[in-house]
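Take a look at the structure below.
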Number of protein chains: 2
Amino acid sequence: MATIYDVSQLAGVSLATVSRVMNKNTNVSEKTRQKVLDAMDKLGYRPNTFAQSLASNCSNSVGVLVSQLDGPYYGPMMAEIEASLRLENKHVIIAVGHSDAAQEKDSVEFLLDRGCDALILDVEAVSDEYLINLSKGPTSIVLINRYIEQINERCIYLENELGGYMATRHLISQGHRNIAYISGPAKKHDAIERLVGHKRALSEVNVDFDPALCFEGDYREEGGVDGMTYLLQQRPTKPFTAVVCANDQMVSGAISVCLERGMYIPQDLSFVGFDNIPFARYVSPKLTTVNNPIHEMGKMAALWLLKNLYNKNIEVNNVFMPELVERESSIPV
Amino acid sequence: MATIYDVSQLAGVSLATVSRVMNKNTNVSEKTRQKVLDAMDKLGYRPNTFAQSLASNCSNSVGVLVSQLDGPYYGPMMAEIEASLRLENKHVIIAVGHSDAAQEKDSVEFLLDRGCDALILDVEAVSDEYLINLSKGPTSIVLINRYIEQINERCIYLENELGGYMATRHLISQGHRNIAYISGPAKKHDAIERLVGHKRALSEVNVDFDPALCFEGDYREEGGVDGMTYLLQQRPTKPFTAVVCANDQMVSGAISVCLERGMYIPQDLSFVGFDNIPFARYVSPKLTTVNNPIHEMGKMAALWLLKNLYNKNIEVNNVFMPELVERESSIPV
DNA sequence: CTGTTAGCGCGTTCAC
DNA sequence: GTGAACGCGCTAACAG
């Protein structure tokens with residue numbers, strides 16, 4: 001492997017000059033710049049990134065910490081992050097937190113040790129205080145999917161409360177009043193917010209929130225199955241006509257339970273989901289759901305870093321709006 | 001940030017000794033080892049990975065190149081790779097190839113430049129020759145989802161041909177003889193192999209493969225939609241009773257077309273998919289499909305590296321077998 | 001505009 | 001068992 005030294009020899013210049021042309025430093029005459037460039041590709045020279053990082057204290061890498069890698073949620077986000085960063089020759093190191101405080105902290109340490117220039121975090125178990133503290137450290141961080149007032153400019157998030165409101169509001173506009181709810185894990189911020197939105201929509205039409213009609217799921221298909229099984233037990237005494245699930249995967253699980261029992265969807269029961277994952281429009285019935293622009297949020301996190309860390313000139317906005325996508329899983333009572 | 005020098009000062013030993021205890025070198029007396037350890041955590045010392053990499057020429061990182069990050073396929077794979085490697089304190093750098101030769105090569109270069117100790121590649125556009133050549137280089141590679149004879153010990157793959165055979169064979173055992181096929185992209189190796197398996201099953205019962213009953217999809221829901229739309233046009237003259245799709249996503253798209261036209265599934269048409277993605281068991285009807293242990297293959301790739309590169313003592317096997325998962329989307333004629 | 005010279009933090013011979 | 005010294009490949013003043 002050729003080194004910068006070899007290049008300097010072949011080009012007949014000093015190490016520093018070679019370094020200058022690599023780093024697009026303007027103070028190099030076009031003539032010597034060409035000599036160096038020629039020498040470089042004659043030698044097939046590739047800079048050693050470790051040496052660069054060691055000397056410059058900049059790794060051109062960003063760590064991305066997500067809760068999980070499987071499921072339909074994080075893939076699109078990661079894809080956009082990778083693509084945006086890659087364009088600027090930054091690379092991404094991934095780590096998984098599993099929604100567990102210890103593992104999340106451990107992953108942060110791990111990424112920090114790896115010398116990441118910055119961290120993109122989608123964490124839920126760790127405390128606000130921890131993150132605020134972390135943000136005061138030398139490595140800048142961006143939060144996806146979480147809002148913390150003290151560091152709000154570092155937060156890229158969806159108005160989950162509004163989304164939850166829209167889901168239930170839609171059912172209400174269709175005449176539903178007895179609406180069950182399968183929520184996400186109570187420890188997840190977005191799950192809490194979506195539920196709050198649901199309650200707000202209910203209270204707007206003076207319907208009391210009934211805890212017996214609310215089940216805490218896990219954001220997975222199984223959670224939908226469990227939730228629906230539970231709700232169906234309640235139904236004889238609490239005849240709800242619609243169910244909103246805090247994400248599409250749970251809708252899918254919930255509907256599968258209904259179909260197995262011979263119910264017709266949406267005739268017997270209306271459903272509204274959340275996230276608008278790709279499957280939502282191919283499943284039967286096609287899911288009415290709330291769109292979550294997760295890929296855009298991933299991209300925005302990457303752009304935020306490019307702007308604030310690598311000084312690119314880019315427009316950034318932090319907050320994203322949910323949108324109702326009306327399809328076939330919900331109908332008027 | 002404390003350096004190795006600070007530790008050596010506090011412990012009253014030399015730099016070399018500190019380095020020795022870090023690298024578990026045995027030639028250190030227990031007494032001085034303790035002094036060093038104490039000094040380390042007193043200072044909150046963390047080794048600088050760049051300096052380590054530069055000096056040792058080993059980065060403890062592996063590059064993972066996949067075709068795409070979204071969709072239900074690569075998430076589980078990435079998850080297992082990350083988990084297995086992380087346990088050994090290796091980190092993973094991801095890159096995306098988009099099934100395009102230029103981008104795949106570019107990504108390989110990118111990862112190589114990043115000083116990865118090894119590469120895990122799930123590539124399809126790049127030629128066998130390129131990969132064989134790459135395997136001769138200083139950085140070792142593992143291939144997921146692809147078999148190349150000359151470097152077979154580096155290949156972790158599924159018996160796709162057998163899987164394709166099993167899918168169609170299942171339908172045949174149910175009495176179907178006129179079976180349509182929606183394949184994956186012709187440029188993808190696994191798509192080709194699955195189709196070959198399909199043809200083998202057909203020929204076993206002396207049924208001629210009818211090109212008019214075969215559609216090249218894209219492995220996405222849209223491909224299933226397009227494929228089914230096409231096939232339905234053929235049906236008046238070619239009355240097939242079953243469809244096998246080269247993956248579950250396309251089944252989902254295909255079924256949605258049928259349902260929209262008022263057909264009943266599986267009564268009017270049987271379906272068999274491939275991959276057994278999580279959704280397959282929650283969709284209606286529940287998908288009969290061929291299980292693809294993609295997460296195990298991811299894990300195996302990571303273990304292979306641990307064994308062959310980092311000298312861990314691990315059992316490894318390269319080839320995985322598909323398994324038919326019978327559910328509800330296919331019934332006897 | 002270009003060259004010289006220190007480091008960056010750590011691994012690794014060598015002596016002792 | 002331990003320490004001194006050099007080198008990994010590159011960046012960043014500083015000097016000219």
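All heavy atoms count here, side chains included; hydrogens, waters and symmetry mates do not. Keep in mind that what you see is a predicted model, and the values were worked out from it rather than measured. Below, chains carry the letters A, B, ... as their sequence lines are ordered, and counting in each starts from 1.
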TODO: To the nearest 10°, let me know how far the axis at one end of the helix from C:dC1-D:dG16 to C:dC16-D:dG1 is tilted from the axis at the other, five pairs an end.
DONE: 30°
Open item on the list: I'd like to know if the side chain of B:Ser59 and the backbone of B:Gly115 have a donor-acceptor N/O pair within less than 3.5 Å.
Closed with: yes
Task: Ring-face cation contact, A:Tyr310 with A:Lys90, 6.0 Å cut, 45° max - done: yes
If you restrict it to nitrogen or oxygen atoms, what contacts under 3.5 Å exist between nucleotides 13-16 of chain D and the protein, and what is each distance?
none

Task: B:Glu124 backbone acceptor or donor facing B:Ser99 side chain under 3.5 Å - done: no
Task: Side-chain (A:Asp38) to main-chain (A:Lys35) donor-acceptor, under 3.5 angstrom - done: no
Open item on the list: Considering every strand and a 4.0 Å limit on heavy-atom distances, what is the contact class for A:Val18: base, sugar-phosphate, or nothing?
Closed with: nothing
Open item on the list: Test your reading of the model: is there a side-chain donor-acceptor pair from B:Asn318 to the backbone of B:Cys155, 3.5 Å cut-off?
Closed with: yes
- [ ] Answer yes or no: does a side-chain N or O of A:Thr32 lie under 4.0 Å from OP1 or OP2 of C:dC1?
- [x] no
Open item on the list: Using OP1 and OP2 only, check whether a side-chain N or O of A:Thr17 sits under 4.0 Å from C:dC1.
Closed with: no
Task: side chain to side chain donor-acceptor pair (under 3.5 Å) against A:Glu82, all qualifying residues, sequence neighbours excluded - done: A:Arg86
Open item on the list: What verdict does the side-chain hydrogen bond (donor to acceptor under 3.5 Å, both in side chains) test give for B:Tyr219 and B:Asp190, after you've listed the backbone C-alpha separation in whole Å, the side-chain angles of each residue and the deciding distance to 0.1 Å?
Closed with: CA-CA 11 Å; B:Tyr219 269 163; B:Asp190 52 4; 3.2 Å; yes
Got a list of protein N/O to nucleotides 7-10 of chain D N/O distances below 3.5 Å?
residue	atom	partner	partner atom	Å
D:dC10	OP1	A:Tyr45	OH	2.4
D:dC10	OP1	A:Asn48	N	3.1
D:dC10	OP2	A:Ile4	N	2.3

Task: B:Glu296: side chain to side chain donor-acceptor pair (under 3.5 Å) partners, not counting sequence neighbours - done: none
- [ ] Report yes or no: does B:Ser107 contribute a side-chain atom to a donor-acceptor pair with the main-chain N or O of B:Val96 at less than 3.5 Å?
- [x] yes
Task: A:Ile151, A:Ile141, A:Leu143 screened by side chain to side chain contact (heavy atoms under 4.5 Å, CB included) with A:Leu134, the one that passes - done: A:Ile141
Open item on the list: Regarding B:Ser53, tell me which of base, sugar-phosphate or nothing describes its non-hydrogen contacts under 4.0 Å with the strands shown.
Closed with: nothing
Open item on the list: Let's see if you can work this out: which of C:dT2, D:dT2, C:dG3 has an atom nearest to the side-chain heavy atoms of A:Val13?
Closed with: C:dG3
Open item on the list: Can you list everything that forms a side chain to side chain donor-acceptor pair (under 3.5 Å) with B:Asn48? Sequence neighbours excluded, please.
Closed with: none
